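Keep in mind it's a predicted model, so treat the numbers as computed, not measured.
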Amino acid sequence: MKSWRNHWPALWLLLILALVAVVRMRLLSVPLERDEGEYAYAGQLMLEGVPPYRLIYNMKMPGIYAAYALIMAVFGQSTMGIRLGFILVNFGAIVLMYFVGRRFLDRAGAVAASATYALLSASPHVQGINAHATHFVMLAALGATLVLLCAQERGGLAGFFWSGALFGVAFLMKQPGGAFAFFGFSVVLWTAWRRRPPDWKADGLRLALYAAGVAAPILLTGLILWRAGVWDKFWWWTVTYARTHATAMPWSDGKIRLANFFTDWTWDDLFWALALAGLFSVLMGKGRADRKFFLLSLLFFSAVAVCPTFHFTNHYFVLMLPVVALLAASAFTPAAAWLAGRPLALVRGAPWILFGLAWAGVGWSSLGAFFLWGPQEVAARIYFINDFQVYPIIADYLKSHVPPAATVAVLGSEPELLFYAHRRSVTGYIYMYDLVQEQPFRQRMEKQMISEVEQGRPDYVVFVNLAFSWLPRPPDRLQAIQAWLTKYTESQYDPYGVVTFGSNQYFWGPECLRQVPPGHRFVVIYQRKGQGSIGAKLPKSAS
């Protein structure tokens with residue numbers, strides 16, 4: 001009995017991890033979405049010795065590319081390999097949630113925080129099935145937070161440096177991760193201000209070591225990119241153009257997207273409501289100023305991390321899940337503490353029984369995604385209008401019948417197709433959004449993309465006729481590229497195959513375009529003239 005009292009949190013953590021493993025293992029083959037495709041393609045190139053930004057252009061930081069490369073080096077260059085690695089990332093964050101929570105909550109509260117994070121981070125509402133960069137940010141940020149808290153408890157100086165280094169890694173995973181580095185700085189500064197008697201010399205050294213830690217991985221990454229000869233491209237895309245992109249979405253549009261996230265009501269919102277109750281409990285509670293400051297600071301900087309571009313895409317809110325989990329657990333801890341001396345065990349455990357019921361109810365609301373739908377159906381329901389499930393079929397055929405040295409130009413924002421096919425793009429523009437949206441570099445980018453395609457003479461051109469693969473603003477912005485593509489393909493390419501979205505029908509041969517029903521969304525594959533047919537029979541349809 002004594003052993004159970006000592007070890008029950010570990011047993012609960014194991015149960016939580018087991019449930020997460022069951023859910024994620026059955027969804028290993030969920031097709032990659034666009035961001036995952038970008039990270040996977042970049043990681044694939046890195047494993048071939050090609051540094052980021054040389055053959056791909058994007059605003060993302062290189063840390064996530066390196067993380068994907070590491071995962072694929074261990075688990076293989078496949079969707080299943082990526083998802084296996086992602087399970088470990090998610091496991092790490094769940095366990096870290098317990099140990100961070102334990103600094104401010106009792107054991108039951110820390111387990112509740114960990115369970116809340118595990119459930120919400122897998123939720124379809126935040127696109128939690130997919131290995132987005134935000135999950136990697138949270139793994140690094142939670143690790144950094146735990147190291148920082150331990151350093152403050154034990155007084156060791158090295159911990160401040162390593163905590164800063166992990167916060168620097170969080171930034172390298174995704175720029176908004178930098179907000180958590182400021183969170184760490186606020187905690188160090190708060191502790192120094194609260195110390196009695198003050199020791200500004202020692203605390204100044206801690207702050208300096210922390211700052212050096214944050215800078216170290218960033219400077220090392222910059223040095224590696226400079227030595228690789230891609231520093232100029234890295235700086236232009238991740239700083240110069242990223243600044244332009246960050247201000248492209250006005251608040252008038254952003255607040256609509258933000259409202260949509262919260263008004264698109266799901267059972268997940270129950271935990272957000274509990275977090276609000278927990279916040280009230282923290283604000284009204286007496287004593288423990290350090291706990292209050294930690295949670296309020298984490299809440300502020302988590303919100304800052306979500307807000308920089310006003311895009312408020314669902315998976316951005318993963319960055320707020322740790323503080324939501326901690327605050328939701330905080331909503332139950334005062335009642336649990338008040339009932340702790342009651343004689344009946346059932347009465348003493350009532351708050352956590354209620355928490356368990358809430359957790360089970362939220363989990364039940366995602367029963368379809370977690371336990372009933374197949375991987376293809378999960379992708380179709382979460383990204384219902386994108387039809388990501390067609391790209392593995394197209395790519396598998398190209399990979400099987402196209403020479404390894406063949407090159408491709410994908411005109412559409414579908415980098416996952418390049419990863420699946422394991423064929424290189426002749427243009428670094430793996431996303432088309434920036435070429436058809438109103439921004440000061442649009443014409444320059446359009447000309448560069450066209451030049452790279454024409455000079456690269458790809459063996460195959462893939463055009464994705466899907467609004468979400470372009471999102472032109474204004475809508476007629478796509479016309480110039482379509483006019484160029486029509487002229488270019490008519491003179492140098494033959495239609496080879498068409499795949500229609502929705503029905504997922506396949507049409508092959510020179511007349512394939514004529515068989516597409518009017519108004520259908522589709523992908524068309526062109527083959528360079530004079531290469532002959534790449535042959536073999538292809539499926540007429542696929543589900």
Side-chain angles (χ1 to χ4, degrees), residues 33-38 41-42 53 55-60 233 236-238 240-250 252-254 256-257 309-313 383-388 390-391 394 408-418 425-456 458 460-490 492-493 498-501 513 516 519-526:
E33 52 81 75
R34 291 185 184 95
D35 284 356
E36 292 176 301
E38 173 201 345
Y41 178 55
Y53 314 104
L55 297 182
I56 63 167
Y57 311 144
N58 201 256
M59 298 165 290
K60 311 289 176 50
K233 286 185 177 180
W236 194 88
W237 280 98
T238 62
T240 305
Y241 181 65
R243 191 164 50 234
T244 298
H245 176 80
T247 58
M249 176 75 71
S252 57
D253 292 341
I256 296 174
R257 297 170 71 103
T309 65
F310 298 148
H311 278 79
F312 298 117
T313 305
Y383 300 99
F384 62 96
I385 204 167
N386 288 281
D387 289 282
F388 291 125
V390 308
Y391 299 110
I394 298 171
V408 181
V410 178
L411 299 182
S413 303
E414 308 300 343
E416 68 276 15
L417 179 57
L418 296 165
S425 171
V426 296
T427 176
Y429 287 95
I430 57 173
Y431 289 114
M432 296 292 126
Y433 301 127
D434 301 312
L435 281 64
V436 293
Q437 296 180 357
E438 195 58 48
Q439 49 93 1
F441 302 104
R442 182 189 63 78
Q443 290 183 328
R444 165 184 164 177
M445 292 178 175
E446 180 184 299
K447 291 178 180 178
Q448 184 181 2
M449 184 276 290
I450 290 174
S451 175
E452 288 180 350
V453 171
E454 292 182 343
Q455 292 181 23
Y460 297 89
V461 173
V462 180
F463 173 66
V464 184
N465 183 34
L466 176 70
F468 275 83
S469 203
W470 291 88
L471 295 178
R473 287 197 296 266
D476 62 355
R477 186 67 75 193
L478 183 56
Q479 291 178 359
I481 290 180
Q482 285 180 316
W484 162 78
L485 176 64
T486 300
K487 182 178 179 181
Y488 179 64
T489 53
E490 284 180 352
Q492 301 190 43
Y493 290 83
V498 169
V499 182
T500 60
F501 290 111
L513 282 171
V516 179
H520 255 61
R521 298 169 291 122
F522 61 88
V523 177
V524 57
I525 303 130
Y526 297 95

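Both the sub-6.0 Å distance and the 45° axial angle are not jointly satisfied by Arg34 relative to the ring of Trp470.
To the nearest 0.5 Å, atom CZ of residue Arg243 and atom OG1 of residue Thr238 are 10.0 Å apart. Atom CZ of Arg442 is separated from atom NZ of Lys447 by 10.0 Å, given to the nearest 0.5 angstrom. In this structure, CD1 on Ile56 lies 10.0 Å from CG on Leu418, to the nearest 0.5 angstrom.
The two residues Pro458 and Val408 come nearest to each other via the heavy atoms CB-C, 3.9 Å.
A donor and an acceptor atom, one from each side chain of Thr309 and His311, are located under 3.5 Å apart. A donor and an acceptor atom, one from each side chain of Glu38 and Tyr431, are located under 3.5 Å apart. Using modelled atom types, one finds no donor on one side chain facing an acceptor on the other under 3.5 Å when comparing Gln439 with Thr244. A side-chain donor-acceptor contact under 3.5 Å links Tyr429 and Gln448. A donor-acceptor pair shorter than 3.5 Å can be found between the side chains of Asp434 and Tyr241.
Side-chain contact between Leu466 and Phe501: present, with at least one pair of heavy atoms (C-beta onward) separated by less than 4.5 Å. Looking only at side-chain heavy atoms (C-beta outward), Phe463 and Ile525 stay at 4.5 Å or farther from each other.
Contacts of Thr489 classified as side chain to side chain contact (heavy atoms under 4.5 Å, CB included), with partners at least two apart in sequence or in another chain: Leu485, Tyr493, Tyr526. Taking the side chain to side chain contact (heavy atoms under 4.5 Å, CB included) definition, one finds that Ile450 meets it with Glu446, Glu454, Trp484, sequence neighbours left out.
Residue pairs that meet the salt bridge (charged side-chain N to carboxylate O under 4.0 Å, His left out) test with at least one member in residues 470-482, sequence neighbours left out, are Glu438-Arg477.
Applying the 6.0 Å contact sphere to OH of Tyr383 captures more than 12 heavy atoms from other residues, nucleotides or ligands.
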